[in-house]
Amino acid sequence: MRKQTIPYAKQWVTEDDIHAVCKILSSDFLTTGPVIELFENKLCELTCAKHAIVCSNGTAALHLACMALGMNGNDLGVTSPNSFLASANCIEFCGGKTDFIDIDAASLCMSPDKLETYCREKTVPRVVIPVDFSGLAADLPRIKALSKKYGFAIIEDAAHAIGSTYTFEGKNFACGSCAHSDMAIFSFHPAKTITAGEGGAILTNDNELADKLRTLRTHGMIRNQNLNLSQENAGDEPWYYEMTTLGYNYRITDFQCALGLSQLTRLPQLKARRNQIVIQYNQAFKNNNHLILPPKGLTNEACPHLYPVQLTKGPKSRLAMYNALQERNIHCQIHYIPIYWQPYYANKYGYAKGKCPRAETYYSRTLSLPLYPAMTEAQVQMVIETVLENL
Ligand SMILES: Cc1ncc(COP(=O)(O)O)c(C=O)c1O
């Protein structure tokens, strides 16, 4: 008999989700239809952000956010090296220059101290893209304070962090609220906490940015009934549309949004189960001095997306552990190879090993154990046992 596979992440699609999608498949609208707005409204409700603009994926969301800021070839953007490629590529899509700020060793997110040093001693970027790595909020309030001092824009990459919150001055904020950023983005890839198959969203409290994002999402087109069209006769012609800026087709379909919306109603349940597994892992591994556990904040306020442990016995022990788990059909992942190690960035900018030492040390040790709500108790125990046996 084939052994059951335990992936590092997996969607959880229920009968209700399937019903919600099928309903749309037999409705009048497959792409832009009424569910888009319903999903956007629910995302606003969840985060308390004023606007949500859903789009085809998280990468498109980051690209749209950079475009809405007017990023171009003269602009510099900085992000965390401990992230997926898209957090940096969005700057490159706009022709901008990309640099990386090392992480904080405890939170594994961008270090505000390193960012401040960069602004003071090197240059002030046009945009800073902090990443809520593994579901834990980056230090957004401190980064916001720095933005007031130095004058950069902030795009929170909350692809890992839907459902997560953080506390500042006694108040609770949702990741994606934009209380400490200009815009934030989510991803609805199946590995993430809620999925739309593929999908993304940009959140903002800024009316002007929201208008730009909606226009850029659909080819840069403005229809007759909206805004100030330049043609004199536009008012009489209901079909009239105009393109004043170059946009893309980054739309998402109505049936994807039906899936996202249906999943969103279960977010508290998904968060609770994720937290439960994290607590079980923490409990099982806490007394082992060959393991560094994920950041402390990864329970309670955070809705954990990943469970990254660090193996302190050296890179060989990480590979051995990876292979031992693989042998039992437990498929782990490594999040992340420092982005500037990628030949594209290394060759273009001359970035070399040693640039962000904390991100590199962390990368040399890390392994993300399986974490998804549909994991059974037996699967959680099997992961724990296999890890402990191979330390
Ligand atoms: C931190 C981060 N940002 C952005 C993205 C891009 O999202 P998507 O896969 O929906 O394009 C991902 C996806 O893995 C991610 O992990």
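For the numbers below, each heavy atom of this structure counts, side chains included, while hydrogens, waters and symmetry mates do not. First listed ligand is number 1; within each ligand, the first listed atom is number 1. Here the structure is a predicted model, which means the values were calculated and not measured.
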Residues two or more places apart in sequence or in another chain: which of them pass side chain to side chain donor-acceptor pair (under 3.5 Å) with Arg142?
Asp113
Would you indicate whether Glu208, at its atom CD, is surrounded by more than 12 heavy atoms from other residues, nucleotides or ligands within a distance under 6.0 Å?
no
Results of salt bridge (charged side-chain N to carboxylate O under 4.0 Å, His left out) for Lys348 - residues two or more places apart only:
Glu92
Would His219 and Tyr248 count as a side-chain hydrogen bond (donor to acceptor under 3.5 Å, both in side chains) here? Give the steps.
CA-CA 4 Å; His219 307 283; Tyr248 291 77; over 6 Å; no
Residues in salt bridge (charged side-chain N to carboxylate O under 4.0 Å, His left out) contact with Asp104, at least two apart in sequence or another chain
none
Near ligand 1, which residues have a heavy atom under 4.0 Å away from one of its atoms?
Asn57, Gly58, Thr59, Leu62, Ser83, Phe84, Ala86, Ser87, Val131, Asp157, Ala159, His160, Ser187, Lys192, Gly199, Tyr336
So, is the end of the Arg273 side chain (NZ or CZ) under 6.0 Å from the ring centre of Tyr372 and within 45° of the ring's axis?
no
